[in-house]
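Structure record follows, encoded as structure tokens.
Here is the naming used below: chain letters follow the sequence lines, and residue numbers restart at 1 for every chain. When reading the values below, keep in mind they use all heavy atoms of this one structure, side chains included, and skip hydrogens, waters and symmetry mates. Worth saying up front: this structure is predicted, and the values here are computed from it rather than measured.
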Amino acid sequence: MAESAALQPDDIISITRHFRLQWEEVQQAHVLLYPEGMVTLNGPAAEILTRCQEAKSVTQVVEELQQAFPQDDIAADVREFLEDAYANGWLCIERAD
Amino acid sequence: MQTAGSASNGQTNPLWLLAELTYRCPLQCLYCSNPIDYTKYQNELTTEAWIRVLQEGRAMGATQLGFSGGEPLVRKDLVDLAREARRLGYYSNLITSGIGMDEARIAALKEAGLDHIQLSFQANTPELNDYIGGAKTFERKLAMARLIKHYDYPMVMNVVLHRQNIDQTEQILQMAEELEADYIELANTQYYGWAKVNRSQLLPTREQVERAEAIAHDYQERFKGRMKVYYVVPDYFEDRPKPCMAGWGSVFLNVAPDGTALPCHAAHQLPGLDFPNVRDASLHWIWHESPAFNAFRGEAWMKEPCRTCPERAKDFGGCRCQAYMLTGDAANADPVCSLSPQHAIVLEAIDEDQVVPPADQLPIFRSNKNSRQFVEAGV
């Protein structure tokens, strides 16, 4: 895990190793599982995190979502969620430099 | 768990299944939370029975699975159970002393799909670690910690804190850093089972608790982004009770080695409840229908001051087992709460037990011999 700092657009992000994202039929929701804990994701959170299962840049994640939901301007909300997810330790980054 | 699922009847579904595979254990920890009469419950479930429990729990929506005990490594079928857990989609956690592990086994568990290992230490030095655990294990635990990291498991290091090791909180945190733990859990002793019997040996002073808490909070900042520091508060020193198990029959389902299903691992001792066994009933019936799992669900069972307390939805009146052990009635408010009319019991315990026990009060280690004596005495 890297030292915490604000996410940069070029940062390569992915779901933290040893965390697992999966669909839960009983809950009808995606969940994020990690040692001795679970977060149940709401619809938007699941849309974002399912796109972070492979490493890609913050910009790429935002673009993919903007393409999937072209009717709304969601870029700022997505970036904010990614910041929170990173601060919570759900995402990790490799600095691109 | 941040969100609970809900079923059509308004009850929640279990999210946490704790499989206490065995009460056998090579350690004899003074603070063990197993029942003091555990030798009564040693008719262990078969592999097939455990697999059915795992399948039924998963079908009900449980996501987190703990393999616990006793020492779960004592079970020869652990790799098979871990494989089934992975196949079913659990996140599986092995809660272990590390004794009984070797490289071949840790590799086999990895291959089977075990997700995470929680490794306990009793202290940061061999002398104290081996004394508290009643067995020479420190060097072996160090070797196991390195193997856990080598095999790329996330590692939670767990140390139960009490009067005899709480002053080493800082050194324990440094040891966790050296061993590259991903999480360190500093769990102040909760006084159930053997810990209750040995309370006069274990209860720290208020000053000790305050120092340890300050150090833990300092290291939470220092380790930020590298290691998560969990600090489990010692509830005797709090003004409000813990929200025990997030409420009775709310998210947590414990299956004891003999198949007894419990809403928490200490509930065996509560009188008047007939806890069902997975040999006789489905997990679904046990969770939703059995009288024992409904006994303290919701709020109808509450007495004053809980019944009308504005905080009752936050802490559920605290712990039923603690209410029973300290006040004699499981439906009373947990006396840890300063609003409980029996709160003085806890304050007196702190006053009495925090003085160094007289020489004739010897520690009672968790062992088959000592357990059988409790059984014979009808405790």
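Within 6.0 Å of the CD atom in A/Gln28, the count of heavy atoms belonging to other residues, nucleotides or ligands exceeds 12.
Using a distance-only test at 3.5 Å, with no hydrogens or angles considered, no donor-acceptor pair links the side chain of B/Gln64 to the main chain of A/Pro35. Within the 3.5 Å criterion, the main-chain N or O of B/Gly89 finds a donor-acceptor partner in the side chain of A/Gln22. Of the possible donor and acceptor atoms, none in the side chain of A/Arg17 sits under 3.5 Å from a partner among the backbone N and O of B/Asp152.
In this structure, B/Tyr91 and A/Met38 have side chains that are not in contact, with every pair of non-hydrogen atoms separated by 4.5 Å or more. Taking the side chain as every heavy atom from C-beta outward, A/Val26 and B/Met60 never approach each other to under 4.5 Å. Looking at B/His116 and A/His18, their side chains never come closer than 4.5 Å, going by heavy atoms from C-beta outward.
Contact of A/Asn42 with chain B is not made at all, since no heavy-atom distance falls under 4.5 Å. Using a 4.5 Å cut-off between heavy atoms, B/Met155 does not touch chain A at all.
For the atom pair CG of B/Asn93 and CG of A/Leu33, the computed distance is 9.5 Å after rounding to the nearest 0.5 Å.
Looking at every heavy atom in both residues, A/Arg20 comes nearest to B/Tyr90 through NH1-O, 3.1 Å.
Put simply, of B/Asp115, B/Ile117, B/Ile95, the one with the most heavy-atom pairs under 4.5 Å next to chain A is B/Asp115.
B/Glu111 is linked by a side chain to side chain donor-acceptor pair (under 3.5 Å) to B/Arg83, counting only residues two or more places apart in sequence or in another chain.
Ion pairing between a basic and an acidic side chain is recognised when a charged N comes within 4.0 Å of a carboxylate O; B/Arg58 and A/Glu24 show such pairing.
Here salt bridge (Lys or Arg N to Asp or Glu O under 4.0 Å) pairs that include residues 68-79 of chain A, with residues two or more places apart or in two chains, number zero.
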